[in-house]
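Note sheet for the following structure.
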Amino acid sequence: DIKDNLTFYEEDTLSLVTNNTITDIDLFLTSDHLMHVERESTNKIIEKVRDEWKPKYIVIREVTKAHEDERWPRLAHDYTQFDTEYETVCDVTSVCNPKVHTHGWYFIKILKRKK
């Protein structure tokens, strides 16, 4: 029954947010995705989601800045761009193997839209 309450889109993320304004969103979730999108596009995505889509909650799971290097050419982005419209409910960093890794690989942020 839940499939009647969900909508799925299939296109690149920048095109999706540029070509669509989706309102009345409870949750915007990104997991291990934006770290693969170049910075300029990610900034546009963040701006559109923050200012036009306005989801009630945002969950972000992405790579930490400390894990970004030439061996792992993933991109850490500036998610503080959400701070003007969202408050942080949860912010944790995960360490895959503390015996091997001295810094967290990923972070998880849960943001709640300010009234």
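Residue Leu111 is grouped with residue Val17 when hydrophobic side chains (ILVMFWY) are merged at heavy-atom distances under 4.5 angstrom, including chains of intermediate members. Met35 and Leu16 are assigned to two separate hydrophobic clusters, defined by single-linkage of ILVMFWY side chains at heavy-atom distances under 4.5 Å.
At a cut-off of 3.5 Å, with distance as the only test, no side-chain donor of Asp83 or Thr80 sits close to an acceptor on the other residue.
Checking side-chain atoms of Glu62 against main-chain N and O of His33 turns up a donor-acceptor pair under 3.5 Å. In this structure, the side chain of Arg113 does not engage the main chain of Glu87 through any donor-acceptor pair within 3.5 Å. In this structure a side-chain-to-backbone donor-acceptor pair under 3.5 Å is present from Thr18 to Leu14. Looking at Ser41, its side chain never comes within 3.5 Å of a backbone N or O of Val37 through a donor-acceptor pair. Without hydrogens or angle criteria, His77 side chain to Asn43 main chain gives no donor-acceptor distance under 3.5 Å. Judged by distance alone, with hydrogens and angles left aside, the side-chain atoms of Thr30 form no donor-acceptor pair with the main-chain N or O of Ile60 at under 3.5 Å. Judged purely by atom type and a 3.5 angstrom limit, Glu52 has no side-chain atom pairing as donor or acceptor with the backbone of Val49.
A heavy-atom distance below 4.5 Å is found between the side chains of Phe28 and Trp53. For the pair Leu27 and Val59, the minimum side-chain heavy-atom distance is below 4.5 Å. Taking the side chain as every heavy atom from C-beta outward, Tyr86 and Ile58 approach each other to under 4.5 Å. Taking 4.5 Å as the limit, every side-chain heavy atom of Lys56 sits out of range of all side-chain heavy atoms of Ile25. Between Asp24 and Lys54, every side-chain heavy-atom pair lies at or beyond the 4.5 Å cut-off. Between Lys109 and Val89 there is no side-chain heavy-atom pair separated by less than 4.5 Å. Side-chain contact check for Ile22 versus Tyr9: some heavy-atom pair is nearer than 4.5 Å. Using a 4.5 Å cut-off on side-chain heavy atoms (C-beta onward), Lys114 and Glu85 make no contact.
Distance CZ/Phe82 to CD/Glu47: 10.5 Å, rounded to 0.5 Å.
Partners of Arg39 under the side-chain hydrogen bond (donor to acceptor under 3.5 Å, both in side chains) rule, at least two apart in sequence or in another chain, are Glu68.
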Please lay out, stage by stage, how Ser15 and Asp12 fare under the test side chain to side chain donor-acceptor pair (under 3.5 Å).
CA-CA 6 Å; Ser15 295; Asp12 73 88; 2.7 Å; yes

Thr64 vs Thr93, side-chain contact (heavy atoms from CB on, under 4.5 Å): CA-CA, chis, key distance, verdict
CA-CA 8 Å; Thr64 64; Thr93 302; 3.9 Å; yes

Could you walk me through whether Tyr79 and Phe107 pass the ring-ring contact (aromatic ring centres under 6.0 Å, His included) check?
CA-CA 11 Å; Tyr79 297 105; Phe107 68 85; 5.6 Å; yes

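Around CG of Leu6, the count of heavy atoms belonging to other residues, nucleotides or ligands within 6.0 Å exceeds 12.
With Tyr106 as the aromatic partner, Arg61 meets the cation-pi criteria of under 6.0 angstrom to the ring centre and within 45 degrees of the ring axis.
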